[in-house]
Amino acid sequence: MRAGLFGQTRYTRWFSTVVVGLILGSTVGTGTANAVPGKRVHNGMQFIFSPSAPDNFCTIGAVGTDDYSREIAISAGHCMSDPNYADREIHEDIAPVYHRQEPAFGPIGYIRYFKDPEGSATGHLTKDYMIIELVPEVTPSAQGPYLKQTGEVEVPDGTASPNASNPALDNERLLGAGWFNNNELVVSGQLGVWYSRITNNTDGIYRSGTPHWPGDSGGPAIWHVPGSAYPSEENGFQAHGPWAGITKGMGLQVPPFQYTSSANILADLRARDAADPADIYGAGFEVTHNP
């Protein structure tokens with residue numbers, strides 16, 4: 001496995017990263033957006049659910065717009081657990097999220113949907129995602145601290161996500177895995193920037209040697225475009241490529257690091273939108289082109 005930045009190889013048992021049993025209806029101060037308007041929100045940004053709990057955080061995996069011109073951020077569903085609000089659209093502004101490094105800005109968005117982890121520390125098997133609607137005071141950006149997302153990965157000849165309708169769209173098809181396939185993920189998080197081959201694909205959950213740490217849940221994974229530069233000290237550990245998934249957690253297999261494919265998320269959003277048009281936050285999600 002080749003890796004960058006810290007070159008660290010220590011693995012750890014995965015713990016549920018944030019806010020189990022968070023009561024969405026609790027009274028949380030929303031603050032006032034007192035920073036410069038146009039604050040960038042991007043992949044790799046850590047977010048919290050209350051300024052009073054800065055160590056309970058997750059990470060944004062992708063930022064863009066949906067079919068209804070709403071600005072959206074995507075993270076992991078297992079970051080929250082509340083059966084009263086799981087698996088439905090949350091139209092009320094009762095679940096704010098804040099930039100962990102600048103909570104005084106006020107909410108950068110509000111949670112509109114999350115798939116309940118249903119007792120699992122790593123979330124639902126194929127639908128472990130969260131949709132955040134961003135507030136007008138922020139600016140979506142495709143450029144994270146290390147990863148620039150150039151769209152959504154499309155695999156015209158790939159196996160369809162188990163969440164996909166028939167026929168599946170190209171961005172609802174999965175990257176191949178195994179010894180005869182060289183698809184690689186590039187990820188960033190608290191351990192730095194890493195890249196490694198996808199070794200397994202089980203129902204759209206990728207397994208790779210790219211490590212992560214508690215709090216990285218929901219963070220970005222891109223597909224390494226063949227021939228493009230790998231992150232290295234020479235290029236400031238920067239990489240670019242289409243969005244391929246978000247950090248999920250750790251399993252018992254080797255390698256243990258799991259990622260929910262973008263195909264699973266996009267397919268489930270489209271299927272839910274077909275059943276309830278115009279009401280599904282994030283439906284038709286596309287990564288922003290903003291720098």
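Applying the salt bridge (charged side-chain N to carboxylate O under 4.0 Å, His left out) criterion to Arg70, with sequence neighbours excluded, gives Asp66. Shown here are the salt bridge (charged side-chain N to carboxylate O under 4.0 Å, His left out) partners of Glu152, two or more places apart in sequence or in another chain: there are none.
Note: the hydrophobic cluster containing Ile111 does not contain Ile131 (ILVMFWY, side chain heavy atoms under 4.5 Å, direct or indirect links). Residues Val97 and Leu134 share a single hydrophobic cluster, defined by chaining ILVMFWY side chains whose heavy atoms lie under 4.5 Å apart. With hydrophobic clusters built from ILVMFWY side chains whose heavy atoms lie under 4.5 angstrom apart, Val225 shares a cluster with Leu175. Phe114 and Leu266 sit in two unconnected hydrophobic clusters of ILVMFWY residues. Membership requires side-chain heavy atoms under 4.5 Å apart, directly or through other members. If you chain together hydrophobic residues whose side chains sit under 4.5 Å apart, Ile132 and Val63 fall into the same group.
Residues Ser50 and Ser52 share a closest heavy-atom pair of OG-OG, 2.8 Å. Considering every non-hydrogen atom in both Ser217 and His78, the closest pair reads OG-NE2, 2.8 Å. Listed here is the closest heavy atom pair of Val41 and Ile60: CG1-CD1, 3.7 Å. When all heavy atoms of Gly245 and Trp243 are compared, the pair lying nearest together is O-NE1, 3.0 Å. Taking each heavy atom of Ala278 and Tyr68 in turn, the nearest pair found is N-OH, 2.9 Å. The minimum heavy-atom distance linking Tyr98 with Pro96 is given by the pair OH-CG, 3.8 Å.
Using a distance-only test at 3.5 Å, with no hydrogens or angles considered, no donor-acceptor pair links the side chain of Trp213 to the main chain of Gly215. Of the possible donor and acceptor atoms, none in the side chain of Ser261 sits under 3.5 Å from a partner among the backbone N and O of Ile205. Side-chain N or O atoms of Glu172 include none that pairs as donor or acceptor with a backbone N or O of Asp268 at under 3.5 Å. Without hydrogens or angle criteria, Thr139 side chain to Gly38 main chain gives a donor-acceptor distance under 3.5 Å. When atom types are taken as modelled, the side chain of Ser262 and the backbone of Ala244 share a donor-acceptor pair closer than 3.5 angstrom. Judged by distance alone, with hydrogens and angles left aside, the side-chain atoms of Ser141 form a donor-acceptor pair with the main-chain N or O of Pro291 at under 3.5 Å. Here the side chain of Glu286 pairs no donor or acceptor atom with the backbone of Asp67 at under 3.5 angstrom. Side-chain atoms of Asn43 come within 3.5 Å of backbone atoms of Leu147 as a donor-acceptor pair (strictly under, hydrogens ignored). Between the Arg40 side chain and the Gln143 main chain, a donor and an acceptor come within less than 3.5 Å of each other. Of the possible donor and acceptor atoms, none in the side chain of Asn264 sits under 3.5 Å from a partner among the backbone N and O of Ser161.
At a threshold of 4.5 Å between non-hydrogen side-chain atoms, the residues Gln46 and Gln101 count as touching. Side-chain contact check for Thr288 versus Thr65: every heavy-atom pair is 4.5 Å or farther apart. Put simply, the side chain of Pro220 does not reach to within 4.5 Å of the side chain of Val187, judged on heavy atoms. Annotation: side chain of Leu174 is not in contact with side chain of Val155 (no heavy-atom distance under 4.5 Å). No side-chain heavy atom of Ser208 sits under 4.5 Å from any side-chain heavy atom of Arg197. Contact of the Val186 side chain with the Ser196 side chain is not registered, since no non-hydrogen atoms from C-beta on lie closer than 4.5 Å. Counting only heavy atoms from C-beta outward, the side chains of Lys248 and Tyr206 never approach each other to under 4.5 Å.
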Worked verdict on Thr122 versus Asp128 for side chain to side chain contact (heavy atoms under 4.5 Å, CB included) | CA-CA 8 Å; Thr122 57; Asp128 180 24; 5.6 Å; no
Chi angles and distances behind the side chain to side chain contact (heavy atoms under 4.5 Å, CB included) call for Gln253, Arg207 | CA-CA 9 Å; Gln253 308 91 340; Arg207 205 158 76 234; 3.2 Å; yes
Take Gln149 and Ile222 through the test side chain to side chain contact (heavy atoms under 4.5 Å, CB included) and record every step on the way to the result.
-> CA-CA 7 Å; Gln149 295 176 337; Ile222 63 173; 3.7 Å; yes
Report the C-alpha distance between Ile94 and Tyr85 in whole Å, list the side-chain angles of each, state the deciding distance to 0.1 Å, and finish with yes or no for side chain to side chain contact (heavy atoms under 4.5 Å, CB included).
-> CA-CA 11 Å; Ile94 57 174; Tyr85 290 92; 3.2 Å; yes
Would you please test Arg112 and Asp93 for salt bridge (Lys or Arg N to Asp or Glu O under 4.0 Å) and show each step?
-> CA-CA 8 Å; Arg112 299 304 187 198; Asp93 292 346; 2.7 Å; yes
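Of the candidates Phe237, Tyr230, Tyr146, Trp223, Tyr230 is the only one forming a ring-ring contact (aromatic ring centres under 6.0 Å, His included) with Tyr195. Each of Asn163, Thr202, Asp203 was scored for a side chain to side chain donor-acceptor pair (under 3.5 Å) with Thr126, with one residue passing: Asn163.
Here the NZ-CE distance, from Lys39 to Met45, works out to 5.0 Å after rounding to the nearest 0.5 Å. Interatomic distance, CE of Met80 versus OG of Ser75, reported as 11.0 Å (0.5 Å rounding). Taking CD1 of Ile246 as the start and CE of Met130 as the end, the distance is 9.0 Å to the nearest 0.5 Å. Between Phe257 atom CZ and Thr247 atom OG1 the span is 10.5 Å, to the nearest 0.5 Å. Atom-to-atom distance recorded for Thr260:OG1 and Ile265:CD1 is 6.0 Å, nearest 0.5 angstrom. With rounding to the nearest 0.5 Å, the separation of CG in Leu191 from OG1 in Thr210 is 10.5 Å.
At a cut-off of 3.5 Å, with distance as the only test, no side-chain donor of His240 or Ser228 sits close to an acceptor on the other residue. Residues Glu234 and Ser232 have side chains that bring a donor and an acceptor to within less than 3.5 angstrom of each other. Looking only at atom types and distance, the side chain of Asp216 has a donor-acceptor partner in the side chain of Gln190 under 3.5 Å away.
Residue pairs meeting the ring pair (Phe, Tyr, Trp, His ring centres under 6.0 Å) criterion with at least one member in residues 117-145, sequence neighbours excluded, are Tyr113-Tyr129.
A cation-pi arrangement is absent between Arg100 and Phe47 under the rule of less than 6.0 angstrom and at most 45 degrees off the ring axis.
His91 and Tyr281 have tilted rings, their planes meeting at an angle from 30° to 60° on a 0 to 90° scale.
Aromatic rings of Tyr259 and His212 (six-membered ring for Trp) have centroids within the 6.0 Å cut-off, being under it.
Under the 4.0 Å criterion applied to side-chain N and carboxylate O atoms, Glu89 and Arg272 are assigned as salt-bridge partners.
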